[in-house]
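We number each residue from 1, following the sequence as shown. Below, all heavy atoms of this structure are taken into account, side chains as well, without hydrogens, waters or symmetry copies.
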Amino acid sequence: QVQLVESGGGLVQAGGSLRLSCAVSGLAGFNTMGWYRQAPGKERELVALKSSSGTTNYADSVRDRFTISRDNAKNTVYLQMNGLKPDDTAVYYCNVQRVYWGKGTLVTVAS
């Protein structure tokens, strides 16, 4: 059974940083990984996606502030978030292979 467990969310002041983690179990290998977010009253949106070809795409709103990465040894995906803004407040979800989802972790950025 494939499980994705996010962690690292919390409350942070504007301008601060957080690193989200997504521990993947039950899946020996994966190529495509991504982070999405859903703010209150809004649809879920893509934040960062790293495809099997190695191409990385970021939402315009987070480019140059967020970085997606992985640790193969730990089977973990990360999202480093710097320069956080109140508009970044949302539940952040991890996704692998465009199929499997975590339950999300809440990020709240105070102004």
Sub-4.5 Å side-chain heavy-atom contact between Asp88 and Arg37
yes
Less than 4.5 Å apart, any side-chain heavy atom of Tyr93 and any of Val47?
no
When you measure from the side chain of Thr89 to the backbone of Val109, do you find a donor-acceptor pair of N or O atoms at a distance under 3.5 Å?
yes
Any donor-acceptor N/O pair, Asp71 side chain to Thr76 backbone, under 3.5 Å:
no
Evaluate the ring planes of Phe66 and Tyr92, with Trp represented by its six-membered ring, and classify them as parallel (under 30°), tilted (30 to 60°) or perpendicular (over 60°).
tilted
Do Val99 and Val2 have side chains that get closer than 4.5 Å, going by heavy atoms?
no
Show the nearest heavy-atom pair for residues Val107 and Gly9, with the distance to one decimal.
CG2-CA, 4.1 Å
Does atom CZ of Arg63 have more than 12 heavy-atom neighbours, drawn from other residues, nucleotides or ligands, at distances under 6.0 Å?
yes
Measuring from Leu18:CG to Gln80:CD, what's the distance to the nearest 0.5 Å?
8.5 Å
What's the spacing between Ser51 OG and Met33 CE if we round to 0.5 Å?
9.5 Å
Decide whether Leu20 and Phe30 are clustered together by the hydrophobic rule: side chain heavy atoms of Ile, Leu, Val, Met, Phe, Trp, Tyr closer than 4.5 Å, transitively.
yes
Quick one: are Ile68 and Tyr58 in side-chain contact, heavy atoms under 4.5 Å?
yes
Please answer whether the main-chain N or O of Tyr78 pairs with a side-chain N or O of Trp35 as donor and acceptor at a distance below 3.5 Å.
yes
Salt bridge flag under 4.0 Å for residues Lys103 and Glu6:
no
If you apply the rule side-chain contact (heavy atoms from CB on, under 4.5 Å), what do you find for Leu49 with Arg98, and how did you get there?
CA-CA 10 Å; Leu49 181 70; Arg98 301 180 189 267; 3.5 Å; yes
OG1 (Thr67) and NZ (Lys50) are apart, to the nearest 0.5 Å, by 10.0 Å
Heavy atoms of Ala14 and Ser111 approach each other most closely as CB-CA, 4.3 Å
Check for me, please, whether Leu106 and Val77 land in the same ILVMFWY cluster - side-chain distances under 4.5 Å, paths through other members count.
no
May I have the step-by-step check of side-chain contact (heavy atoms from CB on, under 4.5 Å) for Asn95 and Arg44, ending in yes or no?
CA-CA 12 Å; Asn95 174 281; Arg44 189 173 298 188; over 6 Å; no
Should Met81 and Val12 count as side-chain neighbours, where that means a heavy-atom distance under 4.5 Å?
no
Please report the interatomic distance CG(Leu4) to CG(Leu27), rounded to the nearest 0.5 Å.
8.0 Å
Just how far is it from atom SG of Cys22 to atom NZ of Lys74, taken to the nearest 0.5 Å?
14.0 Å
Exam field: side chain Gln97 to backbone Asn31, donor-acceptor pair closer than 3.5 Å
yes
Is there a path from Val91 to Leu46 through hydrophobic residues (I, L, V, M, F, W, Y) whose side chains come within less than 4.5 Å of each other?
yes
